[in-house]
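A quick note: this is a predicted structure, and the numbers were derived from the prediction, not measured. Each chain gets a letter, A, B and so on, in the order the sequences are listed, and its residues count up from 1.
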Amino acid sequence: MERQVRTRYAPSPTGYMHIGNLRTALYEYLIAKSQNGKFILRIEDTDQERLVEGAVDVIYKTLKLCGMQHDEGPDVGGPYAPYVQSERKDTYKPYAEELVKKGHAYYCFCTKERLDALRSDAESKNQTFMYDRHCLNLTPEEIEEKLKNGEPYVIRQKMPREGTTTFEDAVYGSITVENSMLEDQILLKSDGLPTYNFANVIDDHLMAITHVVRGSEYLSSAPKYNLLYEAFGWEIPTYVHLPLIVKPDGSKLSKRKGDASFEDLINMGYLVEAIINYIALLGWSPDTNQEIFSLSELEKAFNISRISKSPSAFDMNKLRWFNAEYIRAMSLDAFYEKALPYLTEAITNKTIDLKKVCKLLQARTEVLTEIPSKVGFLNELADYDLNIYVHKKMKTTLENSLESLKAAVTVLEDITTWDEATLHEKLLTLVEKLGIKNGQMLWPIRTAITGWEVTPGGAIEIADLLGKEETLRRIRIGIDRLEKAVAAGNA
RNA sequence: GGCCCCAUGGUCAAGAGGUUAAGACACGGCCCUUUCAAGGCUGUAACAGGGGUUCGAAUCCCCUUGGGGUCACCA
């Protein structure tokens, strides 16, 4: 029987979920779910100096929001608990000591100062620094002595000096490096906690992780991990290294440079589903031309073999398109619910039917945050440039706009049932009677009642929204202003 | 700089020896139309360069160039 697929998302709690991280989580989730496997959350907090308050909550919240529920983790428990590395601190040291006994690791008492000196020395000579294995030459007695004296120490992995190490990656294939390039990396820090490089191997093994998924920035350290598995005699997991997500200019996404985090995107008005859909396609492609995927569709379609190797640029423009697609695909009620917070903030005119506004807005909204800028005219009629009335394509001028508005008023005044259907019928009948083009009537009306050159919705929808009284009031203002302008123009 | 990885339009990408080199975003045009959108149709645009291998190369190999990653008691 095949081993059950188990992937783990192992973030360090920095309080910031950047897009690359989120995509890694997504792919781990998809790899597991596409094969009926388990998705595990493990918190890698072995760096005590970088702990951030509340950061773990950000991780829980994001996974939940995205619908990527983990099967095991600190909050939900599981057979391999605990799932927080700082709570597992005692499990690592014995493994490190086992490696020392087997001759794959050794104690190192070098001070930070000595290391720094070595490093800057190498730097000044323009050489690459690599630990000089100073402590490898210590005799067992010396080591015993130092340990007894309580001297601080770390445990280093002893790399082979000759030969090469090869490992297989599910997306990058076979990769070989010279062992002489491998540094004797630290496995156990002087504070007794493991480094990521060590903890990660131990935990992945203990937690029976079958697919180790991570960004390609770990590609060059993978041989070291491989050596560790071999030293322990453990089964090597399937490595799945993911291509980086970069900025349009090709550089790496970073918090420091203010690149948008998942949370930022949400605040910018992007929908969770659209973000997930978009990043799923950054580095992976389905074997069909389908572009719109729900999470559960992704779970079915995802396949490791279709992950690409080259880095992909995060394109806001395309995300925007996905977002617009998701917005348009929503039911009116669903859109209303999403839009409501933006609407209530932007529309102070309480007589406006927000549901109707949504109907106009839905196809015209790409991101939620742009809603307020589209509806201001509903609150009040601002002063506007009369030249808006003059529209070549609509064949309107100040004069015929004035005519149309005057004619419209007489018709509108008589309407008792103020709704779109009635407005449509009466106004178009009037157009026919006057023998003019639709635009010559409707453009001036829309202009008069909005004062804007561009609005969501046309004359009829907006008149309906504003109500009879306000519509007539605004039209009369238009008539008044146009009369003065025309008179002045003729004088 | 050493080592590793990558290379198809501006961007995401399909392609795994023989294709008119898909599709999507963006951009342009046309249609629809009471503005703007949405929708429909349509156009511009790519195999980084050079050598091989082969009857035949975007696909395989090598070199060059370009880009990226990594070289911590960080993950």
Side-chain angles (χ1 to χ4, degrees), chain A residues 10-14 44-47 49-50 108 110 112 115-116 119 126-130 152-156 169 172-173 175-178 180-183 185-191 193-197 199-200 214-223 241 243-244 246 248 250-252 278 281-291 306 308-322 324 328 360-366 374 388 391 393-394 396 424 427-428 431 437-447 450 452-462:
Chain A
S12 76
T14 61
E44 309 231 336
D45 59 348
T46 53
D47 186 354
E49 289 173 17
R50 293 211 311 187
C108 172
C110 290
K112 188 116 185 147
L115 261 19
D116 285 346
R119 208 187 312 275
N126 226 341
Q127 293 171 338
T128 307
F129 169 75
M130 199 177 277
Y153 66 93
V154 301
I155 292 180
R156 286 181 183 272
D169 184 85
Y172 288 93
I175 293 174
T176 302
V177 297
E178 298 284 334
S180 59
M181 298 306 303
L182 271 22
E183 190 185 29
Q185 64 175 349
I186 290 171
L187 303 177
L188 203 71
K189 298 185 277 187
S190 55
D191 64 3
L193 286 171
T195 57
Y196 162 83
N197 296 321
N200 143 275
R214 50 159 93 97
S216 63
E217 65 266 31
Y218 292 94
L219 214 44
S220 51
S221 18
H241 285 94
L244 250 31
V246 298
S251 66
K252 199 176 165 184
Y278 176 57
L281 264 21
L282 274 185
W284 172 83
S285 62
D287 55 10
T288 63
N289 268 343
Q290 186 176 348
E291 297 233 52
R306 297 189 67 89
S308 65
K309 296 180 194 162
S310 41
S312 27
F314 188 85
D315 181 5
M316 268 298 189
N317 230 328
K318 187 127 190 196
L319 205 215
R320 215 179 152 79
W321 175 78
F322 270 104
R328 291 192 288 262
L360 299 181
L361 243 26
Q362 192 167 357
R364 296 171 171 88
T365 303
E366 293 189 297
K374 293 177 184 293
I388 300 175
H391 194 292
K393 199 173 146 230
M394 294 299 114
T396 55
H424 190 268
L427 253 15
L428 290 194
V431 163
K437 305 227 347 159
N438 288 353
Q440 290 176 310
M441 173 58 68
L442 299 172
W443 175 262
I445 294 179
R446 197 196 57 82
T447 300
T450 65
W452 284 15
E453 214 165 348
V454 172
T455 55
I460 293 165
E461 292 97 330
I462 294 169

Mate of [N] where both pairing distances stay under 3.5 Å, Watson-Crick or G-U:
N       : answer
rA72(B) : none
rU34(B) : none
rC41(B) : rG29(B)
rC12(B) : rG23(B)
rC60(B) : rG52(B)
rA7(B)  : rU65(B)

Tell me, do [X] and [Y] make a side-chain contact under 4.5 Å, heavy atoms counted?
X       : Y       : result
S312(A) : W284(A) : no
I175(A) : P223(A) : no
Y196(A) : S12(A)  : no
N200(A) : R214(A) : yes
M441(A) : I445(A) : yes

Spacing of CG belonging to L187(A) relative to OG1 belonging to T195(A), to within rounding of 0.5 Å: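 Between L187(A) CG and T195(A) OG1, I get 6.0 Å after rounding to 0.5 Å.
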Geometric class of the Y278(A)/F322(A) ring pair [parallel <30°, tilted 30-60°, perpendicular >60°]: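 Rings of F322(A) and Y278(A): tilted, 30 to 60°.
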Measure the distance from [atom1] on [X] to [atom2] on [N] and round it to the nearest whole Å.
X       : N       : atom1 : atom2 : value
L182(A) : rU70(B) : CG    : C1'   : 12 Å
D315(A) : rU11(B) : CG    : C1'   : 5 Å
R364(A) : rC36(B) : CZ    : P     : 10 Å
E291(A) : rA24(B) : CD    : C1'   : 4 Å
K393(A) : rC30(B) : NZ    : P     : 10 Å
L319(A) : rA24(B) : CG    : C1'   : 14 Å
M394(A) : rC36(B) : CE    : C1'   : 11 Å
L442(A) : rU34(B) : CG    : C1'   : 4 Å

side-chain contact (heavy atoms from CB on, under 4.5 Å) between Q185(A) and R156(A), intermediate numbers included: CA-CA 5 Å; Q185(A) 64 175 349; R156(A) 286 181 183 272; over 6 Å; no
Distance below 4.0 Å between N438(A) side-chain N/O and rU34(B) OP1 or OP2: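 True: N438(A) side-chain N/O within range (under 4.0 Å) of rU34(B) OP1/OP2.
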Presence of R306(A) side-chain N/O under 4.0 Å of rG15(B) phosphate oxygens OP1/OP2: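 Indeed, a polar side-chain atom of R306(A) lies that close.
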Closest to the [X] side chain: [options]?
X       : options                   : answer
S308(A) : rG23(B), rA38(B), rA13(B) : rA13(B)
P311(A) : rC6(B), rU34(B), rG1(B)   : rC6(B)
M181(A) : rA7(B), rG2(B), rU34(B)   : rG2(B)

Heavy-atom donor-acceptor pair, K318(A) side-chain to rA24(B) base, under 3.5 Å: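 It does, because a donor-acceptor pair links the side chain of K318(A) to the base of rA24(B) below 3.5 Å.
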Check: rG69(B) base within 3.5 Å donor-acceptor of S216(A) side chain: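 Not at all, since no donor on one side and acceptor on the other fall under 3.5 Å apart.
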Measuring only the [atom1] atom in each nucleotide, how far is [N] from [M]? A whole number of Å is fine.
N       : M       : atom1 : answer
rG50(B) : rU65(B) : C1'   : 10 Å
rA57(B) : rG49(B) : C1'   : 16 Å
rG23(B) : rC41(B) : P     : 12 Å
rC25(B) : rC32(B) : C1'   : 23 Å
rG10(B) : rC5(B)  : C1'   : 24 Å
rA45(B) : rC6(B)  : C1'   : 23 Å
rA14(B) : rU59(B) : P     : 16 Å
rU8(B)  : rA48(B) : C1'   : 10 Å

Presence of salt bridge, D315(A) and K318(A), under 4.0 angstrom: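 No salt bridge links K318(A) with D315(A).
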Sugar-phosphate, base or nothing in reach of [X], heavy atoms under 4.0 Å:
X       : result
A313(A) : sugar-phosphate
M441(A) : nothing
S312(A) : sugar-phosphate
T365(A) : nothing
G215(A) : nothing
R320(A) : nothing
K437(A) : nothing

Which residue lies more 5' along RNA chain B, comparing G458(A) with S285(A) via nearest heavy atoms: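 Per heavy-atom nearest nucleotide, the more 5' residue is S285(A).
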RNA chain B: 5'-proximal contact among E461(A) and L219(A) (nearest heavy atom):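 So the residue in question is L219(A).
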Heavy atoms from other residues, nucleotides or ligands near CD of Q127(A) exceed 12 (cutoff 6.0 Å):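 Correct, the count exceeds 12.
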Listing time: all N or O pairs from protein to nucleotides 73-75 of chain B that are below 3.5 Å?
| unit_1 | atom_1 | unit_2 | atom_2 | d |
| --- | --- | --- | --- | --- |
| rC73(B) | O2 | S190(A) | N | 2.7 |
| rC73(B) | O2 | S190(A) | OG | 2.7 |
| rC73(B) | N3 | S190(A) | OG | 3.0 |
| rC73(B) | N4 | C110(A) | O | 3.4 |
| rC74(B) | OP2 | K189(A) | NZ | 2.9 |
| rC74(B) | O2' | D47(A) | OD2 | 3.0 |
| rC74(B) | O2' | R50(A) | NH2 | 3.3 |
| rA75(B) | OP1 | T46(A) | OG1 | 2.6 |
| rA75(B) | OP1 | D47(A) | N | 3.3 |
| rA75(B) | OP1 | K189(A) | NZ | 2.9 |
| rA75(B) | OP2 | Y196(A) | N | 2.9 |
| rA75(B) | O3' | E44(A) | OE1 | 3.2 |
| rA75(B) | N3 | Y218(A) | OH | 2.9 |

